[in-house]
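For clarity, every value in this text was computed on a predicted model and none was experimentally measured.
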Amino acid sequence: MSDITSRTSNKTSDDHLADRLTHPGYPRSSRYDARWTVDNQMGPHALWLLEWLAPALGLDTLPPGARVLDLGCGKAMTSVFLAKEYDVQVTAADLWIEPAKNARRIAEAGVADRVLPVYAEAHQLPFGDESFDAIVSIDAFHYFGTNDLYLPTLTRLLKPGGRIGVVVPALREEPDGVEPPEHLQPYWDPGFWSFHSPAWWRRQWTRGGAVTVEAADWLPDGWRDWLLWSEVCAEESTEEFMASMARDSVELVRADQGRSLGFVRVVGRRP
């Protein structure tokens with residue numbers, strides 16, 4: 001009886017994790033192994049955010065074999081998703097994760113023929129002009145892309161008519177002055193000053209003239225997705241560093257309750 005109970009309990013635990021991460025708003029992401037997503041996370045749920053970005057970026061309209069740069073790909077979950085879901089050729093570029101480690105994950109996912117992991121710093125990308133049909137960046141662009149001069153140097157890599165799309169943590173409105181929102185002050189990290197509003201991103205991308213901005217919008221109830229995912233990762237992450245980061249995110253997002261924090265999607269087309 002105890003063996004049966006143990007096996008049933010284990011199955012129920014696995015099913016429970018999958019159930020918690022099956023999201024009606026992200027049906028494609030929900031098909032991916034929940035444990036795999038938790039073990040390879042580096043922040044908010046990258047597949048959910050990419051699936052939200054996809055229609056605005058027109059990923060379904062790309063021809064098979066189109067070339068996509070996944071900039072700041074982390075542990076390459078988004079690169080695997082792009083290859084599997086849209087049948088594109090992906091360059092998985094990251095500064096923090098070794099290409100050899102990503103190569104193993106990519107091979108285990110069965111897309112080694114469609115995803116190339118590379119080591120790259122966002123300001124020194126080793127690619128030629130007009131190399132890509134699209135550029136994607138999930139939960140990374142705010143680390144390197146807020147400089148006024150960055151977008152024009154990046155979009156030279158796009159073919160004419162190609163699109164760039166990013167999703168980043170964001171603020172509903174830009175704070176007045178030099179202080180964060182009062183209710184977030186106990187949790188505020190200086191790095192959060194890279195979080196900006198949809199209006200800020202639209203202005204930033206418009207005034208540079210490198211792209212025609214096609215979207216700069218807010219994810220409705222995105223904070224609820226952020227909180228749910230953080231709660232799961234705080235409980236389920238096997239790496240203490242990632243579990244600790246998730247616990248910090250739980251405190252931050254619970255304190256905010258959607259008043260200020262969420263996600264913005266920005267899409268631009270190169271003329």
State, with a plain yes or no, whether a side-chain heavy atom of [X] is found less than 4.5 Å away from one of [Y].
X: Leu171; Y: Trp200; value: no
X: His196; Y: Val264; value: no
X: Pro175; Y: Trp193; value: yes
X: Ile106; Y: Pro117; value: yes
X: Ser79; Y: Arg114; value: no
X: Leu82; Y: Leu50; value: yes
X: Val68; Y: Leu62; value: yes
X: Glu236; Y: Arg35; value: yes

Within the distance-only criterion (no hydrogens, no angle test), does the side chain of [X] pair as donor or acceptor with the backbone N or O of [Y] below 3.5 angstrom?
X: Glu51; Y: Ser29; answer: yes
X: Asn40; Y: Trp36; answer: yes
X: Arg224; Y: Asp221; answer: no
X: Ser131; Y: Phe127; answer: no
X: Arg270; Y: Pro160; answer: no
X: Arg265; Y: Trp52; answer: yes
X: Ser244; Y: Phe241; answer: no
X: Glu121; Y: His123; answer: yes
X: His45; Y: Val38; answer: no
X: Asp129; Y: Leu157; answer: no

Which residues pass the side chain to side chain contact (heavy atoms under 4.5 Å, CB included) test with [X], not counting sequence neighbours?
X: Glu108; answer: none
X: Arg269; answer: Arg163, Glu214
X: Asp139; answer: Pro44, His142, Pro169

Flag yes if more than 12 heavy atoms outside [X] fall under 6.0 Å of its [atom1] atom; otherwise flag no.
X: Gln124; atom1: CD; value: no
X: Trp188; atom1: CH2; value: yes
X: Glu182; atom1: CD; value: no
X: Glu173; atom1: CD; value: no
X: Asp176; atom1: CG; value: no

When you look at Cys233 and Gln41, which way does the side chain to side chain contact (heavy atoms under 4.5 Å, CB included) test go after all the steps?
CA-CA 8 Å; Cys233 291; Gln41 61 91 15; 3.7 Å; yes
As an exercise, state the distance from [atom1] of [X] to [atom2] of [Y], rounded to the nearest 0.5 Å.
X: Asp133; Y: Leu69; atom1: CG; atom2: CG; answer: 11.5 Å
X: Arg202; Y: Gln204; atom1: CZ; atom2: CD; answer: 13.5 Å
X: Thr91; Y: Leu125; atom1: OG1; atom2: CG; answer: 10.5 Å

Trp48 ring center within less than 6.0 Å of Phe81 ring center:
no
Does this structure show an ion pair linking [X] with [Y], if we count only N-O contacts that are shorter than 4.0 Å?
X: Arg20; Y: Glu235; result: yes
X: Arg28; Y: Glu85; result: yes
X: Arg247; Y: Glu231; result: no

Apply side chain to side chain donor-acceptor pair (under 3.5 Å) to the pair Asp225 and Tyr26, showing each step before the final yes or no.
CA-CA 11 Å; Asp225 297 341; Tyr26 311 113; 2.9 Å; yes
Heavy-atom nearest pair, Asp94 first then Gly72, reads OD1-C, 3.3 Å
Here the pair of heavy atoms bringing Trp218 nearest to Ser260 is CH2-O, 3.6 Å
Side chain to side chain contact (heavy atoms under 4.5 Å, CB included) evaluation trace for Tyr143 with Ser137
CA-CA 11 Å; Tyr143 290 118; Ser137 184; over 6 Å; no
Hydrophobic cluster identity match, [X] and [Y], side-chain contacts under 4.5 Å:
X: Met42; Y: Trp229; value: no
X: Leu252; Y: Val168; value: no
X: Val166; Y: Leu57; value: no
X: Met242; Y: Leu95; value: yes
X: Val118; Y: Leu154; value: yes

Sequence-distant partners of Trp226, ring pair (Phe, Tyr, Trp, His ring centres under 6.0 Å), two or more places apart
Phe263
Please enumerate all residues that pass ring pair (Phe, Tyr, Trp, His ring centres under 6.0 Å) together with Tyr86, with sequence neighbours excluded.
none
For residues 97-104, which side-chain donor-acceptor pairs fall under 3.5 Å, sequence neighbours excluded?
residue, atom, partner, partner atom, Å
Asn102, OD1, Arg105, NE, 3.4
Asn102, OD1, Arg105, NH2, 2.9
Asn102, ND2, Gly74, O, 3.0

Taking Leu53 as the fixed residue, which of Leu219, Leu59, Val267, Val266 is the one that meets the side-chain contact (heavy atoms from CB on, under 4.5 Å) rule?
Val267
Checking side chain to side chain contact (heavy atoms under 4.5 Å, CB included) for the pair Thr146/Phe195: CA distance, chi angles, key distance, verdict?
CA-CA 10 Å; Thr146 58; Phe195 297 177; over 6 Å; no
For a side chain to side chain contact (heavy atoms under 4.5 Å, CB included) check, start with the C-alpha distance between Tyr32 and Met77, then their side-chain angles and the critical distance, and finish with the verdict.
CA-CA 10 Å; Tyr32 286 73; Met77 281 201 299; over 6 Å; no
